[in-house]
Colleague: 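This is the structure, below, for whatever I ask next.
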Amino acid sequence: MSLYRNTVWLLKGLQEYTKGGYEAAARSFSEADLEVNVSGRAFIITGANSGIGKAAACEIAKRGGTVHLVCRNEDRAKEARKHVVEQSKNENVHVHLVDMSNPRKVWEFASGFSQNHNLHVLINNAGCMVSQRELTEDDLEKNFATNTLGTYILTTALIPTLKKSENPRVITVSSGGMLVQKLNVEDLQFEKGSFDGTMAYAQNKRQQVIMTEQWAAQHKEVHFSSMHPGWADTPAVLSSMPDFYAKMKNKLRTEAQGADTVVWLAISDTASRQPSGLFFQDRKAVSTHLPLASSRTSPAEDQKLMSELEELAVKFKS
């Protein structure tokens, strides 16, 4: 990774990704965009037991949406449901226990969900940043299994259900960190060279942005978008990046500020009028590359990513 990319990204982040960056951007937001009643519409939010996922669940539930919280930990999921119901006065909040790093379980969940529920909006928010190279029981690298393959399988499996709905959408919570990475389709599971959890995460987030662009081209009936929530004060940031958190904690966004663009993309009419497949930050489509950063890939490389994921995903489909 180049020093240039890192430096440009950090300067951009200090200006745009902080609480101050959000407050500056919010001056041009239209309040009317979120004055929406979404009763009758169903939303899945992965990783919804804390942080940005839980904050988005609250905002959507307040506006009448039926919210499906997809979480790994039962106790924390029940706590999150209780919190969302109390905040929103909406009982249509449901818990589903799924480990997104287990591809078989993701396929099973998607299949069962499709048979029993309708779905209008999928929010791919679950993520992890494991600092050492760790393998799952399926011999998959943990970050890749959760952030990339889990997201790929869940989205692919639910696209047929989404297509049956009016105004279907898929929002994937990526990260501005992906700007420092160029897709490396030759080493998706970080088997070569030394392992860096932060860079693995950023590479996964680049993969998510490319997946979003590819899905948008393939499935015109569904509106796809990816987004960067900025640097938010969440339990995940505290646990996975303690040094960064300690340095930045006074400048970090609130969870609600981090979730704002997720909610906007999920419910506003303005968002659905944007072209499909774009990457958003503070309710605006922004470039997926830093200037002069040499992080672009060829259409063949992007296609190869999708083919590799398809091949891997099918292995775990029962």
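Residue indices begin at 1 and follow the sequence shown. Hydrogens, waters and symmetry mates play no part in the numbers below; they use all other heavy atoms, side chains included.
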Colleague: Identify every side-chain donor-acceptor pair in residues 211-219 under 3.5 Å, counting partners at least two apart or on other chains, and give the distances.
Modeller:
unit_1: T212; atom_1: OG1; unit_2: Q208; atom_2: O; d: 2.9
unit_1: Q214; atom_1: OE1; unit_2: Q303; atom_2: NE2; d: 2.7
unit_1: H219; atom_1: ND1; unit_2: K163; atom_2: NZ; d: 2.9

Colleague: Within a strict 4.5 Å, meaning less than it, do heavy atoms of the I153 and F109 side chains meet?
Modeller: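 Heavy-atom side-chain distance check fails, nothing below 4.5 Å.
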Colleague: Does the side chain of T198 reach to within under 4.5 Å of the side chain of M129, using non-hydrogen atoms?
Modeller: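 The answer is yes; the side chains approach within 4.5 Å.
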Colleague: Any sub-3.5 Å donor-acceptor pair from K142's side-chain atoms to C128's backbone N or O?
Modeller: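 Looks like no, no N/O pair under 3.5 Å.
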Colleague: Does the plane of the ring in H68 sit parallel, tilted or perpendicular to the ring in H96? Use 30° and 60° as the thresholds.
Modeller: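 Answer is tilted, since the angle falls between 30° and 60°.
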Colleague: Is there side-chain contact between F280 and I171, with at least one heavy-atom pair below 4.5 Å?
Modeller: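 No; the side chains remain at least 4.5 Å from each other.
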Colleague: Please lay out, stage by stage, how E74 and K78 fare under the test salt bridge (Lys or Arg N to Asp or Glu O under 4.0 Å).
Modeller: CA-CA 6 Å; E74 186 170 10; K78 285 178 176 171; 3.2 Å; yes
Colleague: Between R5 and K182, is there a side-chain heavy-atom distance shorter than 4.5 Å?
Modeller: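 Yes, at least one pair of side-chain atoms sits under 4.5 Å.
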Colleague: Would the number of heavy atoms belonging to other residues, nucleotides or ligands and lying under 6.0 Å from NZ of K304 be above 12?
Modeller: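 Result for NZ/K304: enclosed.
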Colleague: Check the pair Y152, F144 against ring-ring contact (aromatic ring centres under 6.0 Å, His included), reporting the backbone distance first and the verdict last.
Modeller: CA-CA 11 Å; Y152 176 85; F144 170 80; 9.8 Å; no
Colleague: Within 45 degrees of the ring normal and closer than 6.0 Å to the centroid, is that where the cationic atom of R253 sits relative to Y22?
Modeller: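 The answer is no, since R253 fails at least one limit relative to Y22.
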Colleague: Can E166 and R41 be counted as an ion pair, charged N to O under 4.0 angstrom?
Modeller: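 No salt bridge links E166 with R41.
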Colleague: Should R63 and E59 count as an ion pair when the cut-off is N to O under 4.0 Å?
Modeller: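 Yes.
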Colleague: Can you tell if the side chain of T161 reaches within under 4.5 Å of the side chain of N118, non-hydrogen atoms only?
Modeller: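 Answer no - side chains too far apart.
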Colleague: Ion pair present between E91 and R81, side-chain N to carboxylate O less than 4.0 angstrom?
Modeller: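 A salt bridge links E91 with R81.
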Colleague: Would you call V106 and F316 a side-chain contact if the rule is heavy atoms closer than 4.5 Å?
Modeller: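 Heavy-atom side-chain distance check fails, nothing below 4.5 Å.
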Colleague: Under 3.5 Å, is there a donor on one side chain and an acceptor on the other for H223 and S272?
Modeller: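 Result is no, nothing qualifies.
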Colleague: Do the side chain of D187 and the main chain of K192 share a donor and acceptor less than 3.5 angstrom apart?
Modeller: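 Confirmed, D187 side chain pairs with K192 backbone.
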Colleague: Can you establish whether the number of heavy atoms outside E191 located under 6.0 Å from its atom CD is more than 12?
Modeller: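 Yes, CD of E191 has more than 12 neighbouring heavy atoms, counting only those of other groups under 6.0 Å.
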Colleague: Between D138 and R104 (salt bridge meaning N to carboxylate O under 4.0 Å), is one present in this structure?
Modeller: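 Yes, this pair counts.
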Colleague: How about NZ on K62, more than 12 heavy atoms from neighbouring residues, nucleotides or ligands closer than 6.0 Å, or not?
Modeller: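 Count over threshold, so yes.
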Colleague: Indicate whether the side chain of D33 and that of T270 have a donor and an acceptor atom separated by less than 3.5 Å.
Modeller: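 Side-chain D/A pair, D33 to T270: present.
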